[in-house]
Visitor: 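Please see the structure below; I have some questions.
All values derive from a computational prediction rather than experimental measurement. Chain naming here is simple, since letters A, B, ... match the order of the sequence lines and numbering starts at 1 in each.
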There are 2 protein chains.
Amino acid sequence: MTVSKTAEKSGDAAKGRKDVGDAQIHGHAEALQLGELSEQLGYVLKRAQLKVFENFIRCMASLQLTPAQFSVLLLVEKNPGRNQTEVASTLGILRPNFVALLDNLESRDLCARIRSTNDRRSHILVLTDKGKAVLSRAKKLVATKHESRLNELLEPANREALLQMLSKIANEF
Amino acid sequence: MTVSKTAEKSGDAAKGRKDVGDAQIHGHAEALQLGELSEQLGYVLKRAQLKVFENFIRCMASLQLTPAQFSVLLLVEKNPGRNQTEVASTLGILRPNFVALLDNLESRDLCARIRSTNDRRSHILVLTDKGKAVLSRAKKLVATKHESRLNELLEPANREALLQMLSKIANEF
DNA sequence: TGATAATTGTTATGGACCATATCAAATATC
DNA sequence: GATATTTGATATGGTCCATAACAATTATCA
């Protein structure tokens with residue numbers, strides 16, 4: 001047995017466990033009451049985030065771009081010539097974990113590492129022509145398939161308010 | 001070398017890489033421009049979610065409850081007598097992954113599995129007395145340390161609107 | 001009824017993501 | 001010029017998420 005490390009192993013599966021009848025005698029599994037859970041910001045926030053990412057990934061299936069990869073391309077396009085440490089830290093990605101991410105983008109010829117002549121330790125990041133083209137197509141996909149879906153759900157004004165509140169939480173919490 | 005599995009290994013680290021000078025000759029690392037990134041709902045959503053969870057975990061440090069554990073306790077309190085499959089699926093947790101989570105709560109005597117007499121395959125879940133007491137304290141911590149912090153940031157009306165929009169996204173996207 | 005299918009909790013396992021320590025090369029500091 | 005710091009990289013371990021498989025039990029239905 002190899003219980004998860006956080007879970008102190010609780011002895012062999014079914015040691016002294018009482019038996020009892022439940023109210024669902026052939027009852028047809030009514031949905032559970034969420035109760036206070038639906039008021040927990042963290043809970044709702046996470047569920048919403050998962051849904052948005054899920055949809056994003058579906059929309060990007062043809063380009064095979066994950067949210068993280070898309071964010072790197074966007075950031076490098078906007079800030080060409082920055083090094084890995086700068087780009088990674090801006091995205092909240094730790095340098096060691098950024099290496100494989102970049103390896104992937106570089107191997108697909110979307111992004112290039114160029115050794116800086118000013119500081120030969122660092123790698124300057126730029127988009128390749130193909131990277132720019134793919135990012136352009138990605139933006140269109142996001143607009144037409146992803147954002148559009150969201151606009152059906154939320155009023156434009158509300159969408160803006162939502163973004164603003166989330167930014168506030170992300171930056172000041 | 002063991003590059004991440006998603007990243008096709010791109011050959012040995014620094015193969016043909018050009019050199020080039022950047023604009024930051026002894027420049028003091030100005031912050032990068034987020035650009036369109038700050039308008040990407042998914043990006044902002046994720047950053048906000050991480051911040052909220054981070055704060056939640058800090059607030060719960062004395063009780064050692066993660067967001068997932070807290071959600072299980074809340075749900076079992078509201079719906080005593082349901083089995084693992086029902087509780088797990090309501091929370092979007094896959095049954096196999098729910099086992100270790102429950103092992104942990106049960107080993108800490110916060111929650112109990114009871115074999116149902118109606119269907120001897122299933123385990124009925126209930127909170128122990130200690131579980132109820134701990135959950136009660138947890139709720140107070142959330143209210144006084146977590147939610148309060150949020151209320152400083154957002155107007156009450158805005159907080160309600162935020163929750164409503166997130167729920168809409170979580171449920172209808 | 002009895003053979004077969006489905007369900008429940010569980011284990012095993014692998015992938016993705018995140019975090020820390022460490023290293024060589026290059027640069028900064030003093 | 002000796003020492004400390006920074007950069008990209010590797011190794012490694014933890015946590016979370018997803019799938020396959022299994023035994024015990026229950027449902028289905030011929």
Side-chain angles (χ1 to χ4, degrees), chain A residues 1-7 9-15 17 19 22 24-26 28-29 46 49-50 53-54 57 66-69 71-72 82-89 91-104 106 113-125, chain B residues 1-7 9-15 17 19 22 24-26 28-29 46 49-50 53-54 57 66-69 71-72 82-89 91-104 106 113-125:
Chain A
M1 67 177 292
T2 309
V3 176
S4 166
K5 308 83 196 177
T6 49
K9 46 205 74 159
S10 60
D12 278 341
K15 61 175 179 183
R17 198 160 284 161
D19 288 20
D22 56 28
Q24 302 286 318
I25 306 181
H26 276 210
H28 296 314
K46 174 134 199 198
Q49 185 260 318
L50 288 176
F53 267 44
E54 188 186 309
I57 292 170
T66 68
Q69 292 166 342
S71 69
V72 171
R82 298 305 196 112
N83 65 28
Q84 298 184 195
T85 297
E86 293 172 313
V87 173
S89 83
L91 293 174
I93 301 172
L94 293 171
R95 271 81 61 182
N97 300 328
F98 194 56
V99 174
L101 213 177
L102 260 191
D103 284 347
N104 184 337
E106 198 177 29
R113 296 187 241 224
I114 306 176
R115 174 143 273 137
S116 167
T117 52
N118 302 320
D119 184 343
R120 294 179 39 75
R121 289 170 300 185
S122 60
H123 290 161
I124 290 313
L125 300 182
Chain B
M1 68 176 291
T2 310
V3 177
S4 165
K5 307 83 193 177
T6 49
K9 46 205 73 158
S10 60
D12 279 339
K15 61 177 180 183
R17 197 160 285 162
D19 288 19
D22 56 29
Q24 302 285 318
I25 305 180
H26 277 210
H28 297 313
K46 173 134 200 198
Q49 185 260 316
L50 288 176
F53 267 44
E54 189 185 308
I57 291 170
T66 67
Q69 291 166 344
S71 70
V72 171
R82 298 305 196 111
N83 66 27
Q84 297 184 198
T85 297
E86 292 173 313
V87 173
S89 83
L91 293 174
I93 301 173
L94 293 171
R95 272 82 57 173
N97 300 328
F98 194 55
V99 174
L101 213 177
L102 260 192
D103 284 346
N104 184 337
E106 198 176 28
R113 294 189 243 223
I114 305 177
R115 174 143 275 136
S116 165
T117 52
N118 302 322
D119 184 343
R120 295 177 40 74
R121 288 169 301 186
S122 60
H123 290 163
I124 290 313
L125 299 181

Visitor: Consider the side chain of Ser122(B), meaning its heavy atoms from C-beta on, and name the nucleotide among dG9(C), dA9(D), dA18(D) that approaches it most closely.
Guide: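 Of the options given, the side chain of Ser122(B) lies nearest dG9(C).
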Visitor: Calculate, to the nearest 0.5 Å, the distance between atoms CG and CG belonging to Asn97(A) and Leu91(A) respectively.
Guide: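 Result: 12.5 Å between the selected atoms.
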Visitor: OP1 or OP2 of dG8(D) versus the side-chain N and O atoms of Thr85(A): is any pair under 4.0 Å?
Guide: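 Yes, within the criterion.
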Visitor: From the options dT25(D), dT20(C), dT10(C), select the nucleotide whose nearest atom is closest to the side chain of Arg120(B).
Guide: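 Taking heavy atoms from C-beta onward, the closest nucleotide is dT25(D).
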Visitor: How would you label the contact of Arg95(B) with the nucleic acid (heavy atoms, under 4.0 Å): base, sugar-phosphate, or nothing?
Guide: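 Base: the residue Arg95(B), judged by heavy atoms under 4.0 Å, touches a nucleobase.
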Visitor: Which nucleotide wins on minimum distance to the side chain of Asn97(A), given the candidates dG8(D), dT26(D), dC18(C)?
Guide: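 Selected nucleotide (nearest to the side chain): dC18(C).
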Visitor: In whole Å, what is the span from the CZ atom of Phe98(A) to the P atom of dC17(C)?
Guide: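 So the CZ-P distance, Phe98(A) to dC17(C), works out to 14 Å.
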Visitor: Return the value, rounded to whole Å, for the distance between atom CG of Asn104(B) and atom C1' of dC16(D).
Guide: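 In whole Å, dC16(D) C1' lies 14 Å from Asn104(B) CG.
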Visitor: State whether Arg115(B) places a side-chain N or O below 4.0 Å from either non-bridging phosphate oxygen (OP1 or OP2) of dT8(C).
Guide: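 False: Arg115(B) side-chain N/O out of range (4.0 Å or more) of dT8(C) OP1/OP2.
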Visitor: If I take atom CD1 in residue Ile93(B) and atom P in nucleotide dC16(D), what distance separates them, rounded to the nearest angstrom?
Guide: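 Distance check: Ile93(B) CD1 to dC16(D) P gives 10 Å.
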Visitor: Take the protein atom CD1 of Ile57(B) and the nucleotide atom C1' of dC16(D), then report the distance between them rounded to whole Å.
Guide: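 Atom-to-atom, Ile57(B) to dC16(D), this comes out as 12 Å.
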Visitor: Using the side-chain heavy atoms of Arg121(A), tell me which of these nucleotides is nearest: dT27(C), dC17(D), dT20(C).
Guide: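 Of all the options, the side chain of Arg121(A) is nearest to dT27(C).
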Visitor: To the nearest 0.5 Å, tell me how far Asn83(B) CG sits from Ile114(B) CD1.
Guide: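 Atom-to-atom, Asn83(B):CG and Ile114(B):CD1 are 12.5 Å apart.
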Visitor: DNA chain D: Asn83(A) or Leu50(A), which has the more 5' nearest nucleotide?
Guide: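 Upstream on the strand: Asn83(A).
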Visitor: Verify the distance criterion only: is there a donor paired with an acceptor across the side chains of Arg95(B) and Gln84(B) at less than 3.5 Å?
Guide: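 Result is no, nothing qualifies.
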Visitor: What is the separation between atom CD on Gln69(A) and atom C1' on dA16(C), rounded to the nearest whole Å?
Guide: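 After rounding, the reported distance stands at 12 Å.
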Visitor: Can you measure Asp119(B) atom CG to dA27(D) atom P for me and round it to whole angstrom units?
Guide: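 Whole-Å distance recorded here is 6 Å.
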Visitor: Would the distance check show the side chain of Glu106(A) and the main-chain N or O of Asp103(A) forming a donor-acceptor pair, the cut-off being under 3.5 Å?
Guide: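 No: the side chain of Glu106(A) does not pair with the backbone of Asp103(A).
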Visitor: Rounded to the nearest angstrom, tell me the gap between atom CG in Asn118(B) and atom P in dG9(C).
Guide: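 Atom CG in Asn118(B) sits about 13 Å away from atom P in dG9(C).
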Visitor: Figure out the CG/P separation between Asp103(A) and dA11(D), and round it to whole Å.
Guide: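 Distance check: Asp103(A) CG to dA11(D) P gives 12 Å.
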Visitor: Hey, could you give me the CG/OG distance between Leu125(A) and Ser116(A), rounded to the nearest 0.5 Å?
Guide: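 Result: 11.0 Å between the selected atoms.
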Visitor: If the cut-off is 4.0 Å, is Lys46(A) near the phosphate of dC17(D), judged by side-chain N/O to OP1 or OP2?
Guide: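 So the side chain of Lys46(A) is within the cut-off, an N or O lying under 4.0 Å from OP1 or OP2 of dC17(D).
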